[in-house]
Amino acid sequence: MKPIRKAVLPVAGLGTRFLPATKAVPKEMLTVVDRPVVQHVVDEAREAGIEHFIFVTGRGKAVIEDHFDIAFELEHTLQERGKTAAYEELKRDLPKAGQTSFTRQQAPLGLGHAVWCAREIVGDEPFAVLLPDMLSRGCMQQMLSTYERHGGNIIAVEEVAPEETHQYGIVSVGETYGQSFEITGMVEKPKQGTAPSNFIISGRYILQPEIFGILEHGKKGAGGEIQLTDAMIDLMETQDFFGMHYEGRTYDTGSKIGFLTANLAYALERPDLAGPLKAEIAKLLEQG
């Protein structure tokens, strides 16, 4: 069983739900407290032991590449002005040379197509996929533990209310093994009342490289796009899939409420911000 060394981050999305903020600024660079969303996701992967980060970008996303590069003028200025703490933090966040790769998705043809664009960099080994809209601290570490137990393909799942299942990709549950279970089927946004479970696909995957051969056919699904879920359904015919029930909370920063909630949650965990923020929230509630 090969180890998981590489992670694919599809960051080519247009961010239409956040216009006009994302007209010139990539949605992945919007900040949760004082760190870009994409930095939080990279932090999660790196803490789990991922060594190589593959960004599938699009036009107007060059600033993401700049963010993960040395900023000589800024670092020089921080050193000259004695701002050691800020300088050291920048150095800690910077991936080592050769740990990042960037490739283009020239057209918005779906998540499956974005993953396929990373095929030459991933090569013939299993890999992780992390959707940068979804903040799930510690999830990738739990995924890797599940992979060590089962091998195969792993999908992170979370429970939602039954009346919300029509909004998500849903998995069917087979034999259970504590935090994990066998996936016996998948369906993308089922009609209300028809979902096989209330476990949703929550934006973290470990996939075997054979998925690329399926994605290569370019089969279009929902919305006329090449859907990753469709390719996984095809791969299930020959390989095992397991669900990993994420013990934590995911914040969907692609939605306005999810983004605002993430900012509050992350800020309230900071000793330097929690007290003042609670006081400001109390004032706003009194005024409201």
Side-chain angles (χ1 to χ4, degrees), residues 3-11 15 21-22 24-57 60-103 121 127-145 203-204 248-251 253 258-280:
I4 308 301
R5 303 186 309 112
K6 299 178 181 179
V8 175
L9 292 89
V11 294
T22 51
V25 178
K27 63 177 181 175
E28 298 83 7
M29 292 301 294
L30 299 178
T31 57
V32 170
V33 189
D34 53 4
R35 299 172 77 76
V37 170
V38 70
Q39 180 69 62
H40 284 290
V41 175
V42 168
D43 290 345
E44 174 197 342
R46 185 157 54 181
E47 288 167 7
I50 297 295
E51 302 170 2
H52 191 163
F53 307 94
I54 303 164
F55 298 87
V56 182
T57 71
K61 302 281 185 157
V63 67
I64 296 175
E65 188 168 354
D66 291 340
H67 176 74
F68 291 102
D69 196 1
I70 290 173
F72 175 78
E73 292 85 355
L74 173 60
E75 294 179 7
H76 180 69
T77 300
L78 291 174
Q79 287 179 297
E80 277 195 333
R81 296 179 180 179
K83 296 187 176 183
T84 306
Y87 171 75
E88 291 299 332
E89 185 173 6
L90 287 179
K91 298 296 287 185
R92 283 196 303 270
D93 289 344
L94 191 67
K96 295 179 181 178
Q99 285 190 328
T100 57
S101 297
F102 297 82
T103 188
I121 305 173
F127 62 101
V129 177
L130 297 93
L131 302 192
D133 284 346
M134 314 300 283
L135 295 189
S136 307
R137 283 178 300 182
C139 184
M140 186 49 57
Q141 184 63 65
Q142 295 177 36
M143 293 276 287
L144 291 176
S145 296
R204 299 288 185 270
R249 179 174 178 181
T250 294
Y251 300 97
T253 64
F259 178 76
L260 293 170
T261 304
N263 269 281
L264 288 172
Y266 279 56
L268 288 171
E269 294 175 359
R270 291 261 301 259
D272 59 327
L273 297 176
L277 179 58
K278 288 178 181 178
E280 291 298 329

Point-to-point distance, once rounded to the nearest 0.5 Å, from CZ of Arg204 to CG of Leu144: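 The distance works out to 12.0 Å.
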Spacing of Ser101 atom OG and His52 atom NE2 [to the nearest 0.5 Å]: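 Ser101 OG to His52 NE2: 2.5 Å, rounded to 0.5 Å.
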Note, Leu135 side chain near Thr250 side chain (heavy atom, < 4.5 Å):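 They are not in contact (no side-chain heavy atoms under 4.5 Å apart), so the answer is no.
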side-chain hydrogen bond (donor to acceptor under 3.5 Å, both in side chains) pairs, two or more places apart, involving residues 262-275: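 Listed once each, the pairs are Asp34-Arg270, Arg137-Tyr266, Arg137-Glu269, Arg270-Asp272.
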Which atom of Pro26 lies closest to which atom of Ile64, heavy atoms considered: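 Distance-wise, the nearest heavy atoms are CB-CD1, 4.3 Å.
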Which atom of Val38 lies closest to which atom of Met29, heavy atoms considered: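 Between these two residues, the closest heavy atoms are CG1-SD, 4.0 Å.
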Short side-chain to backbone donor-acceptor contact, Gln79 and Tyr87, under 3.5 Å: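 Looks like no, no N/O pair under 3.5 Å.
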Side-chain donor or acceptor of Thr253 paired with backbone N/O of Asp133 under 3.5 Å: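 Yes; at least one donor-acceptor contact below 3.5 Å.
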Without placing hydrogens or testing angles, list every side-chain donor-acceptor pair under 3.5 Å for residues 68-75, not counting sequence neighbours.
none

Within residues 76-88 or reaching into it, pairs that qualify as salt bridge (Lys or Arg N to Asp or Glu O under 4.0 Å) - sequence neighbours excluded: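 Applying salt bridge (Lys or Arg N to Asp or Glu O under 4.0 Å) to every pair that reaches into residues 76-88, excluding sequence neighbours, yields nothing.
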Under the side-chain hydrogen bond (donor to acceptor under 3.5 Å, both in side chains) test, residues paired with Gln39 that sit two or more places apart: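 Checked Gln39 against side-chain hydrogen bond (donor to acceptor under 3.5 Å, both in side chains); matches are Asp43, His67.
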Partners meeting side-chain hydrogen bond (donor to acceptor under 3.5 Å, both in side chains) with His40 (sequence neighbours left out):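 Testing His40 for side-chain hydrogen bond (donor to acceptor under 3.5 Å, both in side chains), a comparison that skips the adjacent residues, returns none.
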Evaluation steps, side-chain contact (heavy atoms from CB on, under 4.5 Å), between Glu89 and Arg35: CA-CA 11 Å; Glu89 185 173 6; Arg35 299 172 77 76; 3.4 Å; yes
For Phe102, all residues meeting ring pair (Phe, Tyr, Trp, His ring centres under 6.0 Å), sequence neighbours excluded: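 Once residues adjacent in sequence are excluded, the partners of Phe102 under the ring pair (Phe, Tyr, Trp, His ring centres under 6.0 Å) criterion are Phe55.
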